[in-house]
Novice: 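Questions regarding the structure given below will be posed in turn.
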Amino acid sequence: MSLFKKKAQKYSAPPPPPSAPPAEEIHNHQANGDNNNEAPKSQLVFHCQQAQGSPLGLISGFSNVKELYEKIAECYDFPPDDILFCTLNTHKVDMKKLLGGQIGLEDFIFAHRKGRPKEIEIVKTEDSLGLTITDNGAGYAFIKRIREGSVISRIPHIEVGDHIERLNDENMVGKRHYEVAKLLKEIPTGSTFTIRLVEPLKSGFGSIGPKTGSTRSAKKQSYGSGKETLRFKANGPATIENDHDDRSKAGIEKINGLLESFMGINDNELATQMWDLADGKTNSMQLADAIDNSDLQEFGFTDEFIIELWGVITDARSGRLS
């Protein structure tokens, strides 16, 4: 009997830099008291700059990535659609420090805005283009990694961080990264296609960093351990949760490897969601049922993948991956 209910096939944060002031708590004086398990929109303030250089901004009042982008855009008075992605604690286009489904309470946010558009004609000479695609959680897919020696690596105008805006005449805005990856994979070998990219706005400075010497950084912080994060939920409010331990991190990393080998997707947020869904589960049947009853069911994972996934989870729990 199948482990998985068949569906139609469709296709944590690094330590802050020494000068980064942590997120601040705004006390909520409601009659029913504060709730530290959830993150109301008025509870936390994060420090932000534009990656190409800007004054320090204070961002609060968001519960998901889309709302975060809206608040950053409001702070700096530009359209929310101008933001390609955000990095944590670095102004550089560093794919290892992308803002995804969670933010450490002491993380400093850098917003990378749209820069120059470019349109390139590519001949697909090999089955694989050598791209790893991710998305910003708000409708933009972009290049996370380019494999050395691949078709794309031989095209100097295509770079990590470029937003994939169009493939031939089809608009990619609003599509998830796995949808874009599937469309690229389905382009026949030997054919020619056109890709329109938008690169991140380049900095005019050699380096920038968070504002230093702020009196705020001297304040005693309620969340000063750096071990807690504001995690965005697919359904429901953002919550403050403890950071994953070493075994959990090893398991999430291994799950990410499974995703890449089975589906060509490298997605730490998706891997983290799978790990969290396995919490309290004691066998692969329960895990399959949990995935099937979540928003992950649209991926149409096979029974083979679920069994491999459960093996990784049990290995990580027992410490065999640490």
Side-chain angles (χ1 to χ4, degrees), residues 12-17 19-24 39 41 43-118 133-144 159-165 172-174 176-177 197-212 214 216-217 229-232 238 268-269:
S12 319
S19 58
E24 300 172 10
K41 290 188 178 182
Q43 188 178 10
L44 297 173
V45 176
F46 288 85
H47 296 77
C48 177
Q49 282 182 306
Q50 297 182 59
Q52 80 280 3
S54 76
L56 178 73
L58 301 178
I59 310 299
S60 64
F62 60 90
S63 61
N64 56 52
V65 174
K66 185 178 179 181
E67 290 180 2
L68 168 61
Y69 288 0
E70 290 171 352
K71 291 296 181 179
I72 294 173
E74 181 182 339
C75 176
Y76 291 108
D77 193 24
F78 60 74
D81 290 347
D82 233 22
I83 301 177
L84 291 182
F85 53 85
C86 294
T87 50
L88 300 176
N89 307 316
T90 178
H91 67 282
K92 297 179 181 179
V93 180
D94 186 342
M95 299 295 104
K96 293 181 180 178
K97 297 183 179 180
L98 285 174
L99 185 153
Q102 60 188 49
I103 310 175
L105 297 188
E106 293 190 344
D107 283 341
F108 197 108
I109 301 169
F110 286 92
H112 296 255
R113 295 177 59 185
K114 284 183 179 179
R116 181 183 62 174
K118 47 195 177 185
I133 311 297
T134 189
D135 65 58
N136 67 358
Y140 287 174
F142 56 92
I143 299 171
K144 183 175 183 178
E159 300 176 316
V160 168
D162 286 351
H163 161 49
I164 302 174
E165 187 176 68
M172 296 293 107
V173 175
R176 294 300 310 274
H177 62 285
L197 303 167
V198 180
E199 65 183 30
L201 191 62
K202 297 293 193 295
S203 171
F205 306 95
S207 63
I208 60 173
K211 183 178 178 181
T212 59
S214 171
R216 300 177 187 275
S217 60
T229 62
L230 180 69
R231 184 169 297 175
F232 303 123
N268 192 65
E269 284 71 51

Novice: Using only atom types and a distance under 3.5 Å, with no angle test, would you say the side chain of Asp135 pairs donor to acceptor with the backbone of Ala138?
Specialist: no
Novice: Please report the shortest heavy-atom distance between Pro79 and Ala73, naming the atom on each side.
Specialist: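 Here Pro79 and Ala73 meet closest at C-CB, 3.8 Å.
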Novice: Look at the side chain of Tyr69 and the backbone N and O of Ala111, then say whether any donor-acceptor pair between them is shorter than 3.5 Å.
Specialist: no
Novice: Checking His112 side chain against Leu201 main chain: does a donor-acceptor pair fall under 3.5 Å?
Specialist: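 Checked: no pair found.
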Novice: Mind checking the CE-NE2 spacing from Met172 to His177? Nearest 0.5 Å is all I need.
Specialist: 14.5 Å
Novice: With a 4.5 Å cut-off on side-chain heavy atoms, are Thr87 and Leu98 touching?
Specialist: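 Counting from C-beta outward, Leu98 and Thr87 do come under 4.5 Å.
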Novice: Taking side chain as C-beta onward, heavy atoms only, is Asn89 less than 4.5 Å from Glu106?
Specialist: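 No, side chains not in contact.
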Novice: Within the distance-only criterion (no hydrogens, no angle test), does the side chain of Tyr140 pair as donor or acceptor with the backbone N or O of Ile83 below 3.5 angstrom?
Specialist: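 Not confirmed, Tyr140 side chain does not pair with Ile83 backbone.
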Novice: Please indicate whether Lys114 has more than 12 foreign heavy atoms, meaning atoms of other residues, nucleotides or ligands, lying under 6.0 Å from its NZ.
Specialist: yes
Novice: Taking the side chain as every heavy atom from C-beta outward, state whether Lys118 and Glu199 have any atom pair closer than 4.5 Å.
Specialist: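 Yes, their side chains come closer than 4.5 Å.
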Novice: I need the minimum non-hydrogen distance between Tyr76 and Cys48, along with the two atoms involved.
Specialist: OH-O, 3.0 Å
Novice: Enter the distance from Ser54:OG to Leu56:CG here, rounded to the nearest 0.5 Å.
Specialist: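 Rounded to the nearest 0.5 Å, the OG-CG separation comes to 8.0 Å.
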Novice: Going by heavy atoms in the side chains, are Val65 and Asn136 under 4.5 Å from each other?
Specialist: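 No, their side chains stay 4.5 Å or more apart.
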Novice: Would a distance-only check, ignoring hydrogens and angles, find a side-chain to backbone donor-acceptor pair under 3.5 Å from Gln49 to Phe110?
Specialist: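 No.
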Novice: Looking at every heavy atom in both His163 and Phe142, which two are closest together, and how far apart are they?
Specialist: CA-CB, 3.7 Å
Novice: Are more than 12 heavy atoms, taken from residues, nucleotides or ligands other than Lys92, located less than 6.0 Å from that residue's NZ atom?
Specialist: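 No, the 6.0 Å shell around NZ holds no more than 12 heavy atoms from other groups.
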Novice: Please work out whether the ring planes of His47 and Phe108 are parallel, tilted or perpendicular, with thresholds of 30° and 60°.
Specialist: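 Parallel.
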Novice: Rounded at 0.5 Å granularity, tell me how far SG in Cys86 sits from CD in Gln50.
Specialist: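 If we round to the nearest 0.5 Å, Cys86:SG and Gln50:CD are 10.5 Å apart.
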Novice: Using a 4.5 Å cut-off on heavy atoms from C-beta on, say whether the side chain of Ile109 contacts that of Leu68.
Specialist: yes
Novice: How long is the gap from CG on Asp81 to CZ on Arg113, to the nearest 0.5 Å?
Specialist: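 With rounding to 0.5 Å, CG (Asp81) is 12.0 Å from CZ (Arg113).
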Novice: Can you name the one residue among Ile143, Leu84, Val93 that meets side-chain contact (heavy atoms from CB on, under 4.5 Å) with Asp162?
Specialist: Ile143
Novice: What's the spacing between Lys144 NZ and Phe85 CZ if we round to 0.5 Å?
Specialist: 11.5 Å
